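What follows is a set of notes on a single structure, which appears directly below.
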Number of protein chains: 2
Amino acid sequence: MDEAALVKTALFGDQVSGGEPPPPRPDPYARNCPTRLLLDRIGDRWTVLVLGLVCERPRRFNSLRRDIEGLTQKMLSQTLKAMERDGLIARTVLPTAPVSVEYAVTPLGRTLCDTLEGLQRWARDHIGDVQRAQRRYDETR
Amino acid sequence: MDEAALVKTALFGDQVSGGEPPPPRPDPYARNCPTRLLLDRIGDRWTVLVLGLVCERPRRFNSLRRDIEGLTQKMLSQTLKAMERDGLIARTVLPTAPVSVEYAVTPLGRTLCDTLEGLQRWARDHIGDVQRAQRRYDETR
DNA sequence: CAGCATCCAGAGCGATACTG
DNA sequence: CAGTATCGCTCTGGATGCTG
């Protein structure tokens, strides 16, 4: 299937490469569009929340675990690993007595965090509207 | 019955209910924090993309279907319904020959779209950095 | 054209137990 | 403290076929 190949290979060789004059379609909504790639990474339930906390100040594993309600150890572990892989946070092992690990935001992570702040503000300001809309919709069923 | 579309939103019936005095903690990361509620709604694979297109100009069903690569009819249908419920888009049936339906952004939806634009810009500008970080990480395994 | 119904594979995630 | 490993369920979402 060409689609499989497309997803795997064209990732960033994207529309920047190629000698094509005008791309047949601009494809802002192609499988490999940056927005989609980003959403695949931060669209999960925990990444944004963890990033928010780590952005405030470096954090330890169990500190994060405690502060995010409902976040299990497994998911935190998994989330942190993925974020480190994405270059959003940096992991540092401190040579203390029972070993402690610190997670700090990277410069790249911080730029994302700044951007996400707009989203968080929108959520605070408008989630009420959304919920009202939902109730209204549900009533007319 | 496709119950998946209407994910039961205990949303605010959660801890907002009841007659509890003052929340012992401010809980910016509680289960019902606005950011989490928002992410639960737009964190899926399609909502943001659909919103982006509908924001440009009102769109018809199959128009959206064609322009978003890989989007199936089922998911588009599901996504549109949820977005309408959330008050982000409005659905209008036009009395044409073979019936056509238009989806237009609402004022609320537009404010969200404006906010999301920051995200899309970040994605365009930094997704390359993320991918480079991933490769670097994977190589050191 | 604009959907709905059904089937089911796989991802996501919580619960639990164990380790250095 | 900071994780890893495994099990099993739920939910997402793709494929396919049908309707007004």
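The model shown is predicted, which means the values in this text are computed figures rather than measured ones. Here is the naming used below: chain letters follow the sequence lines, and residue numbers restart at 1 for every chain. Note that these values count all heavy atoms, side chains included, but never hydrogens, waters or copies made by symmetry.
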Query raised in the report: What distance separates A:Met83 CE from A:Leu51 CG, expressed to the nearest 0.5 Å?
Result: 4.5 Å
Query raised in the report: Could you give the CZ-to-P distance, from B:Arg91 to C:dC1, as a whole number of Å?
Result: 16 Å
Query raised in the report: Given D:dT4, is OP1 or OP2 found less than 4.0 Å from the side-chain N or O atoms of A:Lys81?
Result: yes
Query raised in the report: Do B:Gln73 side-chain and C:dC4 base share a donor-acceptor contact under 3.5 Å?
Result: yes
Report task. Identify, between A:Lys74 and A:Leu80, the residue whose nearest nucleotide on DNA chain D lies closer to the 5' end. Result -> A:Leu80
Report summary line: B:Met75 CE to D:dG14 P, in whole Å, measures 6 Å
Report task. Look at B:Ser100 and C:dA2 and indicate whether a side-chain polar atom (N or O) is within less than 4.0 Å of OP1 or OP2. Result -> no
Query raised in the report: Quick one: on DNA chain D, does A:Phe61 or B:Val99 contact a more 5' nucleotide (nearest heavy atom)?
Result: A:Phe61
Requested in this report: Using a strict 4.0 Å threshold on nitrogen-to-oxygen distance, state whether B:Arg135 and B:Asp138 make a salt bridge.
Outcome: no
Query raised in the report: Does a nitrogen or oxygen in the side chain of A:Thr72 sit under 4.0 Å from OP1 or OP2 of C:dA15?
Result: no
Report task. Find the distance A:Gln78:CD to D:dT4:C1' and express it as a whole number of Å. Result -> 12 Å
Query raised in the report: Can you tell me how far C1' of C:dA11 sits from CG of B:Asp44, to the nearest Å?
Result: 15 Å
Requested in this report: Ignoring backbone atoms, test whether B:Tyr103 places a side-chain nitrogen or oxygen under 4.0 Å from the OP1 or OP2 oxygen of C:dG3.
Outcome: yes
Query raised in the report: C:dC4, D:dG3, D:dA2: which one has an atom nearest the side-chain heavy atoms of A:Ser77?
Result: D:dG3
Requested in this report: Send over the distance from A:Asp40 CG to C:dG10 P, rounded to a whole Å.
Outcome: 18 Å
Query - Closest approach of B:Glu69 to A:Arg31 (non-hydrogen atoms, all atoms of both residues) - result: OE1-N, 3.0 Å
**Report entry** Rounded distance in Å - CH2 (B:Trp46) to P (D:dG13)
**Finding:** 8 Å
Requested in this report: Would you name the heavy atoms of B:Asp67 and B:Arg59 that are closest together and state the gap between them?
Outcome: OD2-NH1, 2.8 Å
Query raised in the report: Given atom CD1 of A:Ile89 and atom P of D:dA2, what is their separation to the nearest angstrom?
Result: 13 Å
Query raised in the report: What is the distance from atom CG of A:Leu39 to atom CG of B:Leu39, rounded to the nearest 0.5 Å?
Result: 10.0 Å
Query raised in the report: Does B:Arg45 place a side-chain N or O at less than 4.0 Å from the phosphate oxygens OP1/OP2 of D:dT12?
Result: no
Query - Protein-nucleotide distance (A:Glu102, atom CD; D:dA2, atom P), rounded to Å - result: 10 Å
Report task. Identify whether any heavy atom of B:Arg65 sits under 4.0 Å from a base atom; if not, whether one sits that close to sugar-phosphate; answer base, sugar-phosphate or nothing. Result -> nothing
